[in-house]
Amino acid sequence: MLQSRLFMNLKGISISFIPRYFFQINLNKIFNEILKYNTKELENIQTRVKYYNKINQFFTPTKKEKIGKFPFKKTSYAFDAYEISKYFKDGFLWDKDFNDIRYTFKSPTICKSRPLEDNNKNNILLKLDKNRHFCFLKDGISYENKKDIAIFRGAVYQEHRKNFFHSYFNKTFCDIGDTSKQPNQWKKSFLSKKEQMKYKFIISLEGNDVASNLKWAMNSNSLVLTPKMTCETWFMEGSLKPNYHFALIDNENLAKVIDHFNNHPKDALEIIHNAHKHIKQFLDKKKEFHIGILVLAKYFYYSGQLDLGKKEYEKDILALIK
């Protein structure tokens with residue numbers, strides 16, 4: 001993990017020294033590339049852009065921060081944002097918050113996460129901290145050949161995780177452990193993703209915002225067990241359906257849920273299949289990049305900084321983001 005983060009930072013710093021002009025002159029080319037998708041793909045792209053950026057009226061950024069500012073902190077977030085923002089003019093302004101967000105903003109703000117509330121439209125999602133959250137590994141073990149219990153490893157700082165551990169630590173139907181540095185009765189050794197994939201059930205618990213293991217766990221051949229979600233990111237957790245994309249659990253029903261799926265493996269396989277279908281839309285890196293471009297284009301259009309509609313292809317882009 002340390003090596004990959006070091007490589008990410010070195011890559012991000014090196015790219016940051018390339019004059020942004022060389023990226024910005026390609027924005028129109030990128031817009032034209034986007035318009036080459038077929039009708040069905042464009043409809044999907046439009047749906048996702050509207051999901052991430054719900055703004056539909058003009059506004060003025062409040063913090064007056066230029067997007068060309070060199071990132072010196074929160075680098076995993078900043079470099080991911082820079083991969084998209086470098087295609088827009090240096091003088092463009094934005095409001096951003098590169099933290100784990102569980103609240104809504106008063107004005108449109110670029111961020112990684114937002115609460116699953118009706119009034120969350122000011123939290124505009126970009127694919128940030130993707131080195132940690134969007135790490136998909138190949139699972140070579142079939143569901144039928146995995147261990148019949150549930151697994152969880154992670155830091156237990158938050159109250160909701162502590163309550164979960166109070167309910168289930170040392171139960172025979174699950175193997176859960178705290179891997180943080182804090183001393184407590186729940187300590188267990190670290191297990192890699194590959195090791196956790198040996199279990200039929202992977203427990204996913206939200207942390208400061210979303211659960212960081214949800215994406216790779218849903219991409220595995222294991223069944224994801226998770227309580228009701230309260231936050232979402234670029235992964236569109238708010239679009240996931242309980243007992244369709246994952247099995248819904250709480251602090252009382254874990255044993256019953258595990259017993260059900262051990263006795264009804266076809267039910268588990270169907271949910272795993274649905275989870276894989278959801279994952280598939282995030283695997284096309286080029287399309288992911290294009291959607292990110294449109295999310296920011298929409299932000300800069302409605303903040304009155306990006307002029308669209310003069311040229312014919314710009315009218316088509318405008319139709320995509322409105």
message = Please tell me whether Arg102 and Ser113 have a donor and an acceptor in their side chains that are separated by less than 3.5 angstrom.
response = no
Salt bridge [X]-[Y], side-chain N to carboxylate O under 4.0 Å:
X: Asp175; Y: Arg153; result: yes
X: Glu288; Y: Arg48; result: yes
X: Lys215; Y: Glu237; result: yes
X: Asp209; Y: Lys112; result: yes
X: Lys188; Y: Asp178; result: no
X: Asp139; Y: Lys146; result: yes
X: Asp95; Y: Lys63; result: no

Between [X] and [Y], ring centroids under 6.0 Å:
X: Trp186; Y: Phe165; answer: yes
X: Tyr301; Y: Phe58; answer: yes
X: Phe92; Y: Tyr299; answer: no
X: Tyr302; Y: Phe59; answer: no

Sorted by chain and number, sequence neighbours left out, side-chain hydrogen bond (donor to acceptor under 3.5 Å, both in side chains) with Thr226 holds for none
Quick one: do [X] and [Y] end up in the same hydrophobic cluster if we chain Ile, Leu, Val, Met, Phe, Trp and Tyr together by side-chain heavy atoms under 4.5 Å apart?
X: Leu223; Y: Trp216; answer: no
X: Tyr52; Y: Leu214; answer: yes
X: Ile317; Y: Val295; answer: yes

(message) Cation-pi check for Phe98 against Lys96: NZ or CZ below 6.0 Å from the six-membered ring centre and within 45 degrees of the axis, yes or no?
(response) yes
Check your understanding: With a distance cut-off below 6.0 Å to the six-membered ring centre and an angular limit of 45° from the axis, does Lys200 pair with Phe261 as a cation-pi contact?
Key -> no
message = Quick check: do Leu308 and Ile321 have side-chain heavy atoms less than 4.5 Å from each other?
response = yes
Practice prompt. Give the C-alpha distance, both sets of side-chain angles, the deciding distance and a yes or no for side-chain contact (heavy atoms from CB on, under 4.5 Å) between Lys66 and Asp90.
Written response: CA-CA 7 Å; Lys66 292 183 178 181; Asp90 292 15; over 6 Å; no
Where does the angle between the aromatic ring planes of [X] and [Y] fall among parallel (under 30°), tilted (30 to 60°) and perpendicular (over 60°)?
X: His264; Y: His260; result: parallel
X: Phe201; Y: Tyr143; result: perpendicular
X: Tyr313; Y: Phe31; result: tilted
X: His290; Y: Tyr37; result: perpendicular

Scanning both residues in full, the closest heavy-atom pair of Leu225 with Ala150 reads CD1-CB, 4.1 Å
In terms of heavy-atom contacts, Ile55 and Pro108 come closest through CD1-CG, 3.6 Å
By salt bridge (charged side-chain N to carboxylate O under 4.0 Å, His left out), Lys130 pairs with (sequence neighbours left out) Glu83
[X] side, atom [atom1]; [Y] side, atom [atom2] - distance, nearest 0.5 Å:
X: Ser167; Y: Asp250; atom1: OG; atom2: CG; result: 8.5 Å
X: Leu318; Y: Lys310; atom1: CG; atom2: NZ; result: 13.0 Å
X: Thr104; Y: Asp118; atom1: OG1; atom2: CG; result: 11.0 Å
X: Ile291; Y: Asp284; atom1: CD1; atom2: CG; result: 8.5 Å

Residues 237-258 vs ring-ring contact (aromatic ring centres under 6.0 Å, His included), sequence neighbours excluded, gives His245-His278
Between Tyr77 and Phe79, is the ring-ring contact (aromatic ring centres under 6.0 Å, His included) condition met? List the steps. CA-CA 6 Å; Tyr77 291 67; Phe79 292 145; over 10 Å; no
